[in-house]
Amino acid sequence: MISKIEVNRKETLTKDGRRGRIEVEKLNLWFGDNHVLKDVTFDIPPNAVTAIMGPSGCGKSTLLRTINRMNDLILGTRVTGDIRIDGESIFQDSTDVIELRKRVGMVFQKPNPFPKSIFDNIAFGPRIHRMGGHSDIQQRVERALHHANLWDEVKDRLDDNAFSLSGGQQQRLCTARCLSVEPEIVLLDEPASALDPHSTAKLEELIRQLKQDYTVVIVTHNMQQAARVSDWCAFLMLGEMVEFGRTEQVFTKPRDPRTEDFLTGKFG
Amino acid sequence: MTTSPPPARKLHRTRFASSYRFWLLGIPLALFIAFIVYMFAYLFRNGLGVISWRFLTEPPLKGMTEGGIWPCIVGTILVTFVSLIFSVPVGVCSAIYLSEYAPANFLTRVIRSSIRSLAGVPSIVYGLFGVALFVSAMKLGLSILASGLTLGLMNLPWIIATAEEAINAIPGSFREGALALGTTKWEAIRHNVLPYAFPGILTGILLAVARTMGETAPILFTGVTYYTKQLPSSLSSKFMALPYHLFTLSTQHDQMMKVRPLAFGTAIVLLVFVLAFDGVAFAFRLRTSSSNKWQV
């Protein structure tokens, strides 16, 4: 069993200063002939929650998945423009996609725990990346679970199958798994869309905490959720960035009439 | 004026409609089961008498009118083993390539459907091909090796097809989840796909074993012999095998009626082998499908 260690989140997980700034510049993306993202330009600040919202099919998930280059897996994807993380382009020939995905973690729309024990789910990444011996891995697992607000619920059943957890717990488990390899940026792709309101509230609380240590980008079609959790807010429509700004500003004084129409429910 | 109450809804009605359909569909099945039961009963009634420890452990004696089938058991096991050594690694690797790495284009589709068709090619055709390739061209002669490779070739499409199916059944989210943690494609497959596809792959292999054991045609021209005094001493030896021994006893022997019980005994042993592997595969699938919580 793991010895109970006091975890100081600030000390153990904060990155040196404020890292994890993402600059998206004139990003265009095609799936085959389908022009999905059109000249998207915006800056995602570190240590903040940035929400990307917009109607279904507007390209918000695609934009998110471009940041850790998960779209590479889809055949016929073509990208122009640039995304820079801390000033470094992620589309260079020399870009190490493996390293990029370690730095840019991702939580998916549907909880996708692996059919392993809770412990092994979290230990999966650190083990593959050989991040230390058995006791190091144990500490990492415990730290990640603390950080995802899941430790107290699972500390006595780490050997249970992850599928025995509730949907909300599974999603926080997936968040912990993503944190276990110490990313700087956490991408969340509609993480609460499969959850009930209570689990959603717990997850949102977690998202607000994460920004202390990470750059958080969340995709959501739920504007109340964007208003609740985000500091910055981007509104995407038909692949175009219609508006980007502080969340209060976007919600109270939108500059673009299309944003206002979306927020007032004229379409959705 | 009062309205009459609505007629009571009938919860019970005659079951005739459903019952005649039951019989219509049930009788063919019952006939089939009866046929199988009869076949087994017939086999066991005629052959069980000769089955003894000596039958299983002695070679055929006195012009195959007495003695047992030990060399046939050994030969069948050896030749099946050789076929698996060839077909399992090649088959599983091909399946991994096809499901995970092959580009989704016309060529891949052609290859995939060719594999499916190859699985249906009559086994005697494999036998002929085995003579041409392994016995003659590769000069392996009539031998366990040539027969095993021929059987392996026959197995291969089946193993590729079932293994690919097992791999494709693993949800894409397992691969994606691993890749998002910064694993390489191979690490994602190795750690997060193959372990969960393994039961399905193994089931396919076990069924292939069961099928291989009973095949006669592929070994007929490539190394099996109706009688040898010695057990096979090397991979280049000829060998005896259960299905061919059964064929010899029941159609080629000059005292056919006298050796009939021995033929039935051989058939029982072969059947037990085949059913044992089928049964293991079945039990294995039952066990893993109940423990795979992700298979909803």
Side-chain angles (χ1 to χ4, degrees), chain A residues 64-65 67-76 96-117 120-131 144 160-165 170 173-183 185-189, chain B residues 96-112 164-203 284-296:
Chain A
L64 193 76
R65 294 165 64 96
I67 301 173
N68 65 346
R69 287 186 55 180
M70 284 301 272
N71 287 327
D72 288 14
L73 306 174
I74 299 166
L75 244 79
D96 180 355
V97 182
I98 303 301
E99 195 54 38
L100 172 72
R101 292 193 187 134
K102 272 165 77 178
R103 283 176 62 186
V104 186
M106 183 163 213
V107 177
F108 294 86
Q109 185 166 2
K110 219 177 128 216
N112 64 339
F114 305 148
K116 307 174 190 290
S117 72
D120 288 341
N121 257 275
I122 315 288
F124 183 85
R127 276 180 184 150
I128 284 210
H129 297 305
R130 303 208 169 75
M131 293 171 149
D160 287 8
N161 193 300
F163 282 80
S164 65
L165 298 172
Q170 287 185 11
L173 180 84
C174 293
T175 312
R177 192 174 68 197
C178 150
L179 301 181
S180 68
V181 293
E182 301 195 347
I185 297 163
V186 177
L187 310 176
L188 302 115
D189 188 359
Chain B
I96 294 172
Y97 180 82
L98 274 179
S99 64
E100 303 286 344
Y101 290 96
N105 58 22
F106 181 71
L107 184 66
T108 305
R109 279 204 299 281
V110 169
I111 291 174
R112 189 172 284 126
E164 196 193 345
E165 227 160 85
I167 293 169
N168 284 339
I170 306 304
S173 63
F174 291 10
R175 297 170 180 86
E176 230 180 19
L179 289 170
L181 287 168
T183 67
T184 61
K185 189 167 180 176
W186 171 245
E187 283 168 338
I189 295 167
R190 160 79 186 73
H191 295 284
N192 239 6
V193 175
L194 293 185
Y196 309 118
F198 176 73
I201 296 174
L202 191 66
T203 305
F284 199 73
R285 185 148 46 183
L286 212 62
R287 208 183 61 117
T288 49
S289 66
S290 63
S291 65
N292 277 342
K293 294 207 175 72
W294 48 271
Q295 278 183 341
V296 262

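Each chain gets a letter, A, B and so on, in the order the sequences are listed, and its residues count up from 1.
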Taking side chain as everything from C-beta outward and backbone as N, CA, C, O, which of these in A:Val104 sits under 4.5 Å from a heavy atom of chain B? Side chain, backbone, both or neither.
backbone
Just so I know, are the side chains of A:Phe114 and A:Asp120 near enough to count as touching, which here means a heavy-atom distance under 4.5 Å?
no
Closest contact, heavy atoms only, B:Ala102 versus B:Thr108
CB-CG2, 3.7 Å
Mind listing the closest non-hydrogen atom pair of A:Leu165 and A:Gln170 along with its distance?
O-NE2, 3.2 Å
Could you tell me which portion of A:Arg65 (side chain, backbone, both or neither) has an atom closer than 4.5 angstrom to a non-hydrogen atom of chain B?
side chain
Please identify, among A:Met106, A:His129, A:Glu99, the residue contributing the most non-hydrogen atom pairs under 4.5 Å to chain B.
A:His129
Looking at A:Leu100, A:Ile98, A:Val181, which has the largest count of heavy-atom pairs under 4.5 Å with chain B?
A:Ile98
Under 4.5 Å from a heavy atom of chain B, the part of A:Leu73 involved:
side chain
Within a 6.0 Å radius of atom NZ on A:Lys110, are there more than 12 heavy atoms belonging to other residues, nucleotides or ligands?
no
Taking atom CZ of A:Arg127 as the centre, report whether more than 12 heavy atoms of other residues, nucleotides or ligands fall under 6.0 Å from it.
yes
